[in-house]
Amino acid sequence: MILGLSKWWSWLSYCLAILLALPLFAIVLQSFASDGELFSQLIESVLPTYIANSLLLMLLVSLLSLAIGVPAAWFIARCQFPLSRFFQWALLLPLAMPAYIVAYVYTDLFDYAGPIQTSLRSAFGWQSPHDYYFPEVRTLGGAAVMLALVLFPYIYLLARSAFMEQSHNLFQAAQLMGSSAWQSFFRLALPMARPALAVGVALVAMETVADFATVDYFAVPTLTTAVYDTWLGYGSLSAAAKLSVLILLVVFTMVGVERFARRKQALYQQGVQDAGQFKYQLKGWRKWAVFSYCTMLLATGFLIPFLILVNYSYHYFEQSWHDEFWQLSINSLMVATIVSITCVLLALLLMFVKRVSPYRQDLLPSRLVSTGYALPGTVLAIGVLAPLTYIDFAINDIYQWLGMKGPGLLFTGSLAALVIAFTVRFAAIAIGSIENRYKTMSPSYDMAAMTMAQKPWQLFYRIHLPLLRKAMFVGALLVFIESMKELPAALLLKPIGFENLATYVFQYVSDEQLEQGALAAIVIVLVGLFPLIYLNKSIEQNYADVNH
């Protein structure tokens, strides 16, 4: 091996990868267990509805996100209008807002007893719902709109990057040939950005199928809610595992589309040395129309829900500011910190082995671990609980065989299950951050270390680690934020008596009392803002470096 890397490091990476992939294997194995004909009954009754709703919701959210995010990306990347630099990062802010909070806020605004319909009845003298038509919010279409409002930044970010990477010479040539900005967009920019858009749609679809809280609040039956209800309502883990396998088929189809599109995206990365310099100067009503469009996206996706949360927090501050709030914050911070550190350490090990190993098979551990991000929280909970329950019973059986009192539910009854689940789900984020940094590091560093007879750990500690610090920080920060927001896995795997900010807020949303949990929701949102702003600055810096 290069630099004399011991085979034990390679074996260790494989062992860790297999351990983190156990939930996936456990789901498949559990799906073969007997469920007392429950799954057959589901197939004959409600399963077709679950599948149809899930697929339709994915389609609607993807189309809405495309319709919202692609024009915004084009305006920001290639047009000059008032506050365009502000909107460049501000349009990422909806990602920090949990979808179920947005759903609650707009349901409260648009319901029959909400301020909007009340004002309309007062203004026009309407007396009952039969006097006028108003669209129902709590429907599948309403859920699609709520999800699109917070997920469109995925497509916006990827499409904006694709548009900025396209050579400005192409657009100058199109302008000389008489093409308008919109003609250049449809005939030139959009076809070249298709791979990036395919990746964005795949990410949006994966996030949609993984959503639990929004569809549960809107009472829209999907495969994700079916897993939750089958497990807790009917008490059948095997039937829930069978439903989970269906979700996995959908999710891994999306992953396949994403990787295929990303592979082809390399065909469109030529001529970016002057990218991002050419912009259309919008004038007259056009610049104000674009300004209004971006303002509307920011307002509906972030500002309105956030300001309403602030208003709730102000009026219910005394009910929210208590010792339990501090304990909830400590619980969230503790779990998120442990998970972020664990994920970064795991990513460092896997990426270092991948970097210095000459064998192609040593690429597999990092790829295997990265599949965990594709597992929705409800599905992941089943995959984690099944093997941990077996381990707990095995440990207690050993203690009993030795004539000793067993430790009880050592894993499933503690935070261990939650930390393991979060690590499985979010390790891919840390791996991606560190892997991207490794790709920019010249192999000459490793070659120089070889000529100086440096050991692998010396290469890592003296050369790699200082260069990876920024990537480690970004990866840890993103994992921290995702751990703070993760809800389905926390609901299903949290030990008795344990609550964090996400489960606390969702409890009040389910009880139609978000006002009392608004302060906790604001903390979740504010914590999520910093990495988004930092991410945008990093992207700007990367393009600035390319252009110079």
Side-chain angles (χ1 to χ4, degrees), residues 12 14-35 210 212 224 227-228 230-232 234-245 247-248 331-332 334-343 345-346 365 368-402 404-428 479 482-483 486-500 502-503:
L12 179 60
Y14 271 95
C15 289
L16 290 174
I18 292 173
L19 285 175
L20 291 176
L22 275 180
L24 180 61
F25 302 140
I27 293 169
V28 177
L29 290 176
Q30 186 67 40
S31 66
F32 288 102
S34 174
D35 55 44
F212 166 77
T224 308
V227 171
Y228 187 89
T230 303
W231 183 2
L232 298 185
Y234 294 99
S236 177
L237 189 61
S238 56
K242 290 179 174 63
L243 293 172
S244 298
V245 170
I247 297 177
L248 290 178
N331 290 344
S332 293
M334 177 180 62
V335 172
T337 301
I338 294 173
V339 172
S340 59
I341 293 174
T342 304
C343 288
L345 293 177
L346 178 67
L368 188 60
V369 172
S370 297
T371 59
Y373 188 69
L375 300 178
T378 50
V379 175
L380 179 60
I382 293 176
V384 169
L385 190 65
L388 290 184
T389 301
Y390 178 81
I391 294 173
D392 275 341
F393 278 104
I395 292 174
N396 283 275
D397 288 343
I398 293 174
Y399 270 83
Q400 186 178 4
W401 181 74
L402 295 174
M404 303 168 59
K405 183 179 180 181
L409 300 179
L410 187 62
F411 290 101
T412 56
S414 67
L415 285 178
L418 203 58
V419 171
I420 292 171
F422 283 13
T423 301
V424 171
R425 179 148 165 72
F426 302 128
V479 171
E482 291 295 331
S483 299
E486 174 62 27
L487 177 65
L491 283 174
L492 293 170
L493 295 175
K494 64 183 179 68
I496 297 175
F498 179 89
E499 296 285 346
N500 62 8
T503 59

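Keep in mind that what you see is a predicted model, and the values were worked out from it rather than measured.
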**Request:** Using a cut-off of 6.0 Å, state whether more than 12 heavy atoms not belonging to F498 lie near its atom CZ.
**Result:** yes

**Prompt:** Listed by chain and number, what are the side chain to side chain contact (heavy atoms under 4.5 Å, CB included) partners of V245, not counting sequence neighbours?
**Reply:** I27, S31

May I have the list of side-chain donor-acceptor pairs in residues 412-420 shorter than 3.5 Å, sequence neighbours left out?
{"residue": "T412", "atom": "OG1", "partner": "D392", "partner atom": "OD2", "Å": "2.7"}
{"residue": "S414", "atom": "OG", "partner": "L410", "partner atom": "O", "Å": "2.8"}
{"residue": "S414", "atom": "OG", "partner": "F411", "partner atom": "O", "Å": "3.3"}
{"residue": "S414", "atom": "OG", "partner": "A416", "partner atom": "N", "Å": "3.3"}

**Item:** For Q30, side chain to side chain contact (heavy atoms under 4.5 Å, CB included) partners two or more places apart
**Value:** A33, L237, S238, A241, A386

**Request:** Under the side chain to side chain contact (heavy atoms under 4.5 Å, CB included) rule, collect the residues that match up with A489, sequence neighbours excluded.
**Result:** F422, E486

**L375 CG to I247 CD1 distance, which is reported to the nearest 0.5 Å** = 10.5 Å

**Asked** Would you find a donor on one side and an acceptor on the other, under 3.5 Å apart, between the side chain of S483 and the backbone of V479?
**Response** yes

**Prompt:** How would you list, by chain and number, every residue that makes a salt bridge (Lys or Arg N to Asp or Glu O under 4.0 Å) with E482, sequence neighbours excluded?
**Reply:** none

**Test applied, side chain to side chain contact (heavy atoms under 4.5 Å, CB included); reference residue, L380; option that passes from V424, L493, L492** = V424

**Asked** Got a sec, which residues hit side-chain hydrogen bond (donor to acceptor under 3.5 Å, both in side chains) with N396, two or more places apart in sequence or on another chain?
**Response** none

**Message:** What I'd like to find out is whether the side chain of V369 reaches to under 4.5 Å of the side chain of L346, using heavy atoms alone.
**Reply:** yes

**Fill in**
Distance col, row L20:CG vs L368:CG, nearest 0.5 angstrom, shows 8.5 Å

**Asked** Below 4.5 Å, heavy atoms only, C-beta onward: do P488 and T224 meet side chain to side chain?
**Response** no

**Request:** Taking side-chain hydrogen bond (donor to acceptor under 3.5 Å, both in side chains) as the test, write out the residues that go with Y228, two or more places apart.
**Result:** none

**Asked** OH/Y390 to CD1/I395 distance, rounded to the nearest 0.5 angstrom?
**Response** 11.5 Å

**Request:** Look up atom CG in N500 and atom CG in L487, then write down how far apart they are to the nearest 0.5 Å.
**Result:** 8.0 Å

**Shortest non-hydrogen contact from I382 toward A240** = CD1-CB, 3.5 Å

**Item:** Side-chain donor or acceptor of R425 paired with backbone N/O of Y373 under 3.5 Å
**Value:** yes

**Item:** Interatomic spacing from CG in L243 to CG in L248 - rounded to 0.5 Å
**Value:** 11.0 Å

**Item:** Shortest non-hydrogen separation from A239 to T230 and the atoms involved
**Value:** CB-CG2, 3.6 Å

**Asked** With sequence neighbours left out, which residue pairs that include part of residues 374-386 fulfil the side chain to side chain donor-acceptor pair (under 3.5 Å) condition?
**Response** none

**Message:** Is any side-chain heavy atom of P407 closer than 4.5 Å to one of Y399?
**Reply:** yes

**Fill in**
Sequence neighbours excluded, the answer for side chain to side chain contact (heavy atoms under 4.5 Å, CB included) partners of L402 is I398, M404

**Asked** Could you state the interatomic distance from CD1 (I391) to CG (L388), rounded to the nearest 0.5 Å?
**Response** 5.5 Å

